[in-house]
Amino acid sequence: MRGYLARKTVIYGLTFVVAVTLNWLIPRLMPGDPVQRMVARAAVQHPETIAAMTAYYERTFGLDLPLWQQYLNYWAALFRGDLGTSVWLFPAPVAQVVLDAVPYTLGIMIPAILLSFVIGNSVGAMAARSRWLDNVALPVGYLITAMPYMWLAILLAWGLGVALGWFPVAGGYDFGMVPQWSWAFAGDLLQHWVLPFLSLFLVSLGGWAIGMRNLIIYELESDYANYLSALGAPKRLVRQYAFRNAMLPQITGLALQLGTILGGALVTEIVFAYPGLGKLVLSAIQNQDFFLLQGTLLFVVIGVLLANFVIDIVYVLVDPRTRTGLTGATA
């Protein structure tokens, strides 16, 4: 087990280095100059003032240094927890801006991932044993899974927000409210949370249900299931073994789906103007804010890597064959 953890740590460490390097490089390949954008936003006309402001901002953001030195300085600042200063919200620190948005993204992502995984697998397992449920769940599952996150978000915003008026369609809370610890504010947060959550939950739900339904059918027709049935084992016991074996590919699929789900969350936030990381990414691109963009994407990279690492550990714990293989490999 220690050897497995060590190998995984090295792999994820190298992946982190490559991801951070690309995270630093890609914003600098974007067209435009953030310093010139800041100077233009100041609406200064005097040439000497423009030159002085340009030099000041370049020194402030470290853009007057060679690229290799900027890269090394980025890593040094990263180990100090310094993600730089936002160009768009100057002089706000990038870390604080990102931390203010993280709770909104996690608040819709974590419940959507967990609930869709649990409910989708449960519905899929029941559909594999019930013909009428299979006839209903399978077409509905294919329908909602085929919908892009953005399209479903627009449909929900129009149907439940505009047409029926049940939920607000923009923002994380009412623009007339001040964030505070109160039941009124919590209720308003919940109302604005429902539609972004539903758009992520429904798309993921269909995929898990379809996958589990097909896996259960495959497991129930496998040799070990037929052997147990021939021995007179209760159907409930056979189904329990089938469900446990079918869950293993689903756990692997969860690790593979994290990036897709996160991408869907970012797009969904843009549709609903939800103040999470997705809205920050859009604002950073629109304002050519290199530092806010790389800081936001860094949190995304770290989140996906940590979640995949945890899922790798969980897979070892739930699959006895993996534990046996690890023991045999170290014996």
Side-chain angles (χ1 to χ4, degrees), residues 1 3-5 7-9 11-12 15 109-131 133-149 200-229 233-265 303-329:
M1 185 66 175
Y4 175 80
L5 290 177
R7 289 195 301 272
K8 285 295 181 180
T9 302
I11 292 173
Y12 279 104
T15 305
M109 270 195 59
I110 294 178
I113 291 173
L114 296 180
L115 289 177
S116 65
F117 184 77
V118 173
I119 297 176
N121 284 310
S122 300
V123 171
M126 290 186 293
R129 306 191 303 267
S130 172
R131 182 175 296 275
L133 182 59
D134 187 30
N135 292 334
V136 174
L138 192 62
V140 173
Y142 279 123
L143 177 63
I144 61 177
T145 302
M147 291 185 181
Y149 289 99
L200 294 179
F201 169 75
L202 291 176
V203 174
S204 301
L205 178 69
W208 294 127
I210 293 171
M212 177 55 76
R213 177 254 185 198
N214 294 335
L215 287 169
I216 288 291
I217 292 176
Y218 173 80
E219 293 293 335
L220 290 176
E221 295 177 353
S222 61
D223 292 339
Y224 77 87
N226 293 328
Y227 181 68
L228 286 175
S229 299
K235 288 186 177 180
R236 183 176 180 181
L237 179 63
V238 177
R239 290 170 179 171
Q240 286 178 350
Y241 277 111
F243 182 80
R244 289 177 60 184
N245 288 332
M247 277 299 297
L248 298 177
Q250 292 293 81
I251 293 175
T252 303
L254 179 60
L256 297 175
Q257 284 291 324
L258 282 176
T260 303
I261 294 173
L262 182 55
V304 172
L305 290 178
L306 286 177
N308 276 273
F309 184 76
V310 171
I311 291 175
D312 278 342
I313 303 303
V314 171
Y315 196 90
V316 173
L317 297 177
V318 300
D319 189 357
R321 295 170 299 180
T322 306
R323 295 197 297 272
T324 303
L326 291 176
T327 304

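Here, residue 1 is the first one in the sequence, and each next residue gets the next number. Because only heavy atoms are used, hydrogens play no part in the values below, and waters and symmetry mates are left out as well, while side chains stay in.
With sequence neighbours excluded, the residues forming a side-chain contact (heavy atoms from CB on, under 4.5 Å) with A125 are R129, M212, I216, F243, listed by chain and number. Listed by chain and number, the residues in a side-chain contact (heavy atoms from CB on, under 4.5 Å) with L237 are A233, P234, Q240, Y241 (sequence neighbours excluded). Residues satisfying the side-chain contact (heavy atoms from CB on, under 4.5 Å) criterion with P111, sequence neighbours excluded, are W193, F197. Legend: residues meeting side-chain contact (heavy atoms from CB on, under 4.5 Å) with T15, ordered by chain and number and at least two apart, are I11, L305.
Screening residues 203-229 for ring-ring contact (aromatic ring centres under 6.0 Å, His included) gives F117-W208 as the qualifying pairs, with residues at least two apart or on separate chains. Every pair tested for salt bridge (Lys or Arg N to Asp or Glu O under 4.0 Å) that includes a residue from residues 218-227 fails, sequence neighbours excluded, so the list is empty. Within the structure, salt bridge (Lys or Arg N to Asp or Glu O under 4.0 Å) contacts touching residues 233-242 (residues at least two apart or in different chains) do not occur.
Side-chain atoms of S204 do not come within 3.5 Å of backbone N or O of F201 as any donor-acceptor pair.
Scanning all heavy atoms of the two residues, the minimum distance from L220 to V238 falls at CD2-CG1, 4.2 Å. In this structure, L215 and A246 approach most closely via the heavy-atom pair CD1-O, 3.4 Å.
In this structure, CE in M247 is found 11.5 Å from CZ in R244, a value given to the nearest 0.5 Å. Here the CG-CG distance, from N121 to L205, works out to 9.5 Å after rounding to the nearest 0.5 Å.
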